[in-house]
Structures are given as C-alpha cells and as structure tokens.
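What follows is a single structure, written as structure tokens, with notes after it.
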Amino acid sequence: MPRHAEPLRSPFHRDPPDAKAYTSRILPLFVEYLDDHPQGKLLDVGPVCGENIRFFASRVAKLYVCDLFQRLCQETRQGRSASHIWRDLNYPVGSFEAVQLWDLGDHLEDRDFTRLVELCVLMLKPKGMLMLIAMGEQADSTFSSSLAIGEAFRLHVRAQPDLDLPRHHRHNRELIAMLSPFKLIKSFIYRSGLREFLFQHP
C-alpha cells in the first residue's frame, strides 16, 4: 500500500473557514485502500455531493452514488419503513471493493441497520473496506447534516434542512457489535463525540 494517501486538492480555491470542520483520521486509511485498488468499484450511499464525487471518482475505476438519505426521507414522509429503500442496493454479490456509508446508520432503526450490514456483506468483495461515521450523542438533532470532503482530508459539516430524518445514538460497543460480520481495522473518536470506523470484509 502507498505510504500516504494524497488528498484531492482544488487548484482554484481553498476551503473556507468552518468551525465544525475536522480532519479525518480514518478517511486517509480508506483512501490508501482505494489507491491500492485503482481498478476497483466504490459505492457511496451518502447525499449527492460534488466535492465527494470528484474526490472519489479520481481514485476508482467506477464510482456508484446511491443517495439512500434522500430515499429514506421520502419513505419516512410517506409513513413507510426503511425496508423499501433496500431495492436500491440490488447489486450483484461481490460488486464493490469499498463502501462509504457516512452516518446512514444514525438514521436507521436497529432492524434496518442490521439489514444494511447484511447487504454490505453481500455487496463487498472479500477483504473489501467499509467506512462508517457516527455522530456524537451531543450532536444537534434539530436538523440533518451531510459531510463534504475538502482539502487535506478535512470534512465539512453541512446542514441539510430538506432531510427530515430521525437520529439514533449508539455507543461504540453497540455499533461494533452490529457490524460483527466485519473485522474492525481502526476507529477514532473526536472531541465533538463524532466517531469514525474502518471495517474489512473477512
């Protein structure tokens, strides 16, 4: 694997100051794996974000963006369960080298989170990587947010008022137990309480 994963940098502007931004410790490891598999496929289930698309598209042969946050919001507004969004993950077994879940698990009931993990087990190739973010207990629950990748692995928190989603806080042990089909490679907790995890398909 390369010694350092190089972040995508914009030649036009630098990231504006952002009090809620933080430098990710797990994203560089996730990117190292992608850089080691340049012909691989990556699934990003987060909200559609131009910065994230540019960041990941330069590192893999094929990038698949499936906005499950928007789909989950639509189902919630119609009073339907999250079980209706899984049709969007109807990919063949072993389709991806890596999956970026962002903080989707924070917005799912336990049974739906368990189903998401089961689907990731099927979609990921052996030794494939899964990155997950979980917000802290003190996170503002009055609005939903998304994360945009900036320079030098800085992640910028953006309010998403159009996404009216519930939030379910889980402690680290609970999260790791729910992802027990995977091997935990690395985790990091930030002062804000936000947590990042990197898992590997066995």
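As the structure is a prediction and not an experimental result, all values here were calculated from the model.
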By salt bridge (charged side-chain N to carboxylate O under 4.0 Å, His left out), Arg80 pairs with (sequence neighbours left out) Glu75

Starting from the C-alpha separation in whole Å, work towards a yes-or-no answer on side chain to side chain contact (heavy atoms under 4.5 Å, CB included) for Leu42 and Phe30.
CA-CA 11 Å; Leu42 166 67; Phe30 188 67; 3.8 Å; yes

Do Lys127 and His201 come close enough that some side-chain heavy atom pair is under 4.5 Å?
no

Are Phe153 and Ile189 connected in a single hydrophobic cluster, I mean Ile/Leu/Val/Met/Phe/Trp/Tyr linked by side-chain heavy atoms less than 4.5 Å apart?
no

Of all the heavy-atom pairs spanning Val60 and Gly40, show the shortest one and how long it is.
CB-O, 3.5 Å

How about His168 and Leu108: do any of their side-chain heavy atoms sit closer than 4.5 Å?
no

For residues 89-100, which side-chain N or O atoms pair as donor and acceptor with protein atoms under 3.5 Å away, sequence neighbours left out?
from	atom 1	to	atom 2	distance (Å)
Ser95	OG	Pro92	O	2.5
Glu97	OE1	Lys41	N	2.7
Glu97	OE2	Lys125	NZ	2.7
Gln100	OE1	Trp102	N	3.1

Between Tyr22 and Ile133 the two heavy atoms that sit nearest each other are OH-CD1, 3.8 Å

Checking Asp88 now: which residues fulfil side-chain hydrogen bond (donor to acceptor under 3.5 Å, both in side chains) with it, not counting sequence neighbours?
Arg71

Distance col, row Arg111:CZ vs Ser83:OG, nearest 0.5 angstrom, shows 7.5 Å

How are the rings of His169 and His171 set relative to one another: parallel (under 30°), tilted (30 to 60°) or perpendicular (over 60°)?
perpendicular

Looking only at atom types and distance, does a side-chain atom of Glu196 sit under 3.5 Å from a main-chain N or O of Ile26, one as donor and one as acceptor?
yes

Are Leu101 and Leu116 side-chain neighbours, meaning at least one heavy-atom pair lies under 4.5 Å?
yes

What distance separates Leu147 CG from Ser24 OG, expressed to the nearest 0.5 Å?
9.5 Å

In this structure, CG of Leu68 is separated from SG of Cys73 (nearest 0.5 Å) by 12.5 Å

A side-chain contact here means heavy atoms from C-beta on lying under 4.5 Å apart; do Leu155 and Ile149 qualify?
yes

Would you compute the distance between atom CG of Leu163 and atom CD of Gln74 and round it to the nearest 0.5 angstrom?
9.5 Å

With sequence neighbours excluded, residues passing side-chain hydrogen bond (donor to acceptor under 3.5 Å, both in side chains) with Arg170
Asp110

Quick one, Ile53 and Leu63 - any side-chain contact, counting heavy atoms below 4.5 Å?
yes

According to side-chain hydrogen bond (donor to acceptor under 3.5 Å, both in side chains), who are the partners of Thr114, at least two apart in sequence or on a separate chain?
none

Between Arg154 and Glu151, does at least one N-O distance fall below 4.0 Å, as a salt bridge requires?
no

When you compare the side chains of Ser145 and Arg158, does any donor N or O come within less than 3.5 Å of an acceptor on the partner?
no

Measure the CE-CZ distance between Met129 and Phe199 for me, rounded to the nearest 0.5 Å.
11.5 Å

The criterion is side-chain contact (heavy atoms from CB on, under 4.5 Å); which residues satisfy it with Asp162, sequence neighbours excluded?
Gln70, Gln160

Which residues pass the ring-ring contact (aromatic ring centres under 6.0 Å, His included) test with His84, not counting sequence neighbours?
none

Can you check whether Cys49 reaches His156 side chain to side chain, under 4.5 Å on heavy atoms?
no

Give every donor-acceptor pair under 3.5 Å between a side-chain atom in residues 172-187 and any protein atom, sequence neighbours left out.
from	atom 1	to	atom 2	distance (Å)
Asn172	OD1	Arg195	NH1	2.9
Ser180	OG	Ala177	O	3.1

Going from OG1 on Thr76 to CD1 on Ile85, what distance comes out if it is rounded to the nearest 0.5 angstrom?
8.5 Å

Which residue is it: Leu43, Asp44, Val45? I am looking for the one with a side-chain contact (heavy atoms from CB on, under 4.5 Å) to Tyr64.
Leu43

Looking at every heavy atom in both Ala134 and Phe197, which two are closest together, and how far apart are they?
CB-CE1, 4.4 Å

Partners passing ring-ring contact (aromatic ring centres under 6.0 Å, His included) against Phe188 (at least two apart in sequence or in another chain)
Tyr190

